[in-house]
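Quick note on labels: first sequence line is chain A, next is B, and so on, each numbered from 1.
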Protein chains: 2
Amino acid sequence: MTHFGKSIRTRRERLHLEDKRFSLRQVAQRIGIEPAYLSKIERGEVSPPSEATTVRLAHELGEDPDVLLALAGKVSGDLQNIIRKRPKLFAELIRQLKEAPDHALLHVVREVRDGEW
Amino acid sequence: MTHFGKSIRTRRERLHLEDKRFSLRQVAQRIGIEPAYLSKIERGEVSPPSEATTVRLAHELGEDPDVLLALAGKVSGDLQNIIRKRPKLFAELIRQLKEAPDHALLHVVREVRDGEW
DNA sequence: CAAAGTGTGTACTAGTTAATACACATGACA
DNA sequence: TGTCATGTGTATTAACTAGTACACACTTTG
């Protein structure tokens with residue numbers, strides 16, 4: 001679908017230039033999947049892997065898990081759990097923030113972090 | 001898992017008292033699934049149905065789709081799409097709001113609705 | 001009483017997810 | 001030169017998702 005595979009291949013190859021431990025095979029072994037599978041993932045021959053595997057891959061490559069999950073077309077399960085506990089409030093909030101510019105989101109984030117309610 | 005089935009059975013039976021069009025069979029037909037399947041859903045014999053079916057059921061029973069999806073252990077795809085477009089910002093915001101009390105969430109919702117940033 | 005409507009038990013299934021296992025050709029390297 | 005590591009092609013799979021199809025027994029209802 002998107003360029004999930006391309007993105008991690010690029011990232012891995014960059015790391016590989018400076019550190020031979022970032023060969024496809026070695027990365028695959030460290031995150032616990034078959035090399036052939038990682039190869040297919042990177043070339044987009046198969047759909048992105050499960051959430052758990054994507055997160056391990058993100059850590060391995062020093063990427064933000066939420067960003068990589070987004071590229072994989074997913075939303076992290078723990079965020080979903082938070083939403084599921086108060087679906088009306090979160091649904092309304094998120095839909096309202098759909099069109100808001102980034103700086104507005106940041107503003108809200110900061111307000112919540114600093115604010116006392 | 002949760003009481004998804006119980007919840008919709010209760011809801012449907014209440015509606016059925018006043019309107020015979022809310023028999024299991026007729027509801028199943030209107031939302032486009034087999035009666036036997038709805039029966040199993042209501043008794044929790046199978047896991048909750050797909051998002052699309054859950055949403056049709058919510059509309060049929062006059063329930064909030066987001067709430068029913070939450071009971072089904074899911075988060076609506078359109079909310080996920082919004083999050084996926086700006087994963088870092090939304091992930092941080094949602095995790096920060098995890099522990100916030102309801103009135104704080106409402107406060108933010110209102111601020112975003114009324115405010116100009 | 002017959003016809004229609006009700007809920008449910010049993011059996012089955014096409015499609016998807018998330019992978020594994022093995023073989024192979026190529027390149028590095030000591 | 002041999003051996004080791006590398007990336008990839010092909011074949012296969014167990015578990016899960018999201019249902020359908022049909023038969024059955026019971027209850028209204030006309």
Side-chain angles (χ1 to χ4, degrees), chain A residues 1-2 4-58 60-61 65 68-69 71-77 80, chain B residues 1-2 4-58 60-61 65 68-69 71-77 80:
Chain A
M1 198 67 93
T2 9
F4 177 87
K6 193 138 205 163
S7 161
I8 67 164
R9 165 147 296 188
T10 305
R11 175 75 176 159
R12 185 183 57 75
E13 281 175 342
R14 190 177 309 278
L15 293 168
H16 197 194
L17 291 179
E18 317 235 297
D19 186 342
K20 59 197 72 176
R21 295 182 65 252
F22 285 93
S23 74
L24 183 149
R25 269 170 185 269
Q26 293 191 40
V27 168
Q29 169 163 352
R30 285 199 297 279
I31 68 174
I33 63 176
E34 290 292 312
Y37 185 38
L38 180 54
S39 172
K40 276 172 263 188
I41 291 167
E42 289 195 349
R43 286 171 297 124
E45 202 191 288
V46 299
S47 46
S50 68
E51 173 173 346
T53 297
T54 301
V55 169
R56 289 201 305 279
L57 191 50
E60 182 64 31
L61 301 181
L68 211 52
L69 283 171
L71 282 180
K74 304 176 202 252
V75 169
S76 139
Q80 298 198 37
Chain B
M1 198 69 91
T2 11
F4 177 87
K6 192 137 205 164
S7 160
I8 66 163
R9 165 146 296 188
T10 306
R11 175 75 176 160
R12 185 184 57 74
E13 281 176 343
R14 189 178 308 278
L15 293 168
H16 197 194
L17 292 180
E18 316 236 296
D19 186 343
K20 57 198 69 181
R21 293 181 66 252
F22 284 93
S23 75
L24 183 150
R25 270 170 185 268
Q26 292 192 41
V27 168
Q29 169 163 352
R30 284 199 297 278
I31 67 175
I33 63 176
E34 289 294 312
Y37 185 38
L38 180 53
S39 172
K40 277 173 263 188
I41 291 168
E42 290 195 350
R43 285 172 298 125
E45 202 191 288
V46 298
S47 47
S50 68
E51 173 173 346
T53 298
T54 301
V55 168
R56 289 200 306 279
L57 191 49
E60 182 64 31
L61 301 181
L68 211 53
L69 283 171
L71 282 179
K74 304 176 202 248
V75 169
S76 137
Q80 297 198 37

Does [X] make a side-chain N or O approach to OP1 or OP2 of [N] shorter than 4.0 Å?
X       : N      : answer
A/Arg9  : D/dG7  : no
B/Lys74 : D/dT17 : no
A/Thr53 : C/dA18 : no
B/Ser50 : D/dA18 : no

Just the rounded figure in Å: distance from [atom2] of [N] to [atom1] of [X].
X       : N      : atom1 : atom2 : answer
B/Leu24 : D/dT28 : CG    : P     : 16 Å
B/His16 : C/dT6  : NE2   : P     : 7 Å
A/Leu38 : C/dA18 : CG    : C1'   : 14 Å
A/Leu57 : C/dA18 : CG    : P     : 15 Å
A/Arg30 : D/dT6  : CZ    : P     : 10 Å
A/Lys40 : D/dA11 : NZ    : C1'   : 9 Å
B/Gln29 : C/dG5  : CD    : C1'   : 12 Å
A/Glu34 : D/dG9  : CD    : C1'   : 14 Å

Checking C/dT20, D/dC22, D/dG9 against the side chain of A/Ala36 (C-beta onward), the nearest is D/dG9
Looking at B/Glu42 and B/Arg9, is there a salt bridge between them, counting it only when a charged N and a carboxylate O are closer than 4.0 Å? yes
Between A/Glu60 and A/Arg30, does at least one N-O distance fall below 4.0 Å, as a salt bridge requires?
yes
Touch check for [X], heavy atoms < 4.0 angstrom, all strands: base, sugar-phosphate only, or nothing?
X       : result
A/Pro49 : sugar-phosphate
A/Arg21 : nothing
B/Ser47 : nothing

Which heavy-atom pair separates [X] from [Y] by the least distance, and what is that distance?
X       : Y       : result
B/Pro65 : B/Ala58 : CA-CB, 3.7 Å
B/Leu24 : B/Ser39 : CD1-CA, 3.6 Å
A/Pro49 : A/Phe4  : CD-CE2, 3.7 Å

Walking DNA chain D from its 5' end, the first of B/Glu51 and A/Tyr37 to be reached, judged by nearest nucleotide, is A/Tyr37
N/O donor-acceptor pair, side chain B/Arg25 with base C/dG5, under 3.5 angstrom: no
Check: Ignoring hydrogens and angles, does a donor from either the side chain of B/Lys20 or the base of D/dT28 sit under 3.5 Å from an acceptor on the other?
Finding: no
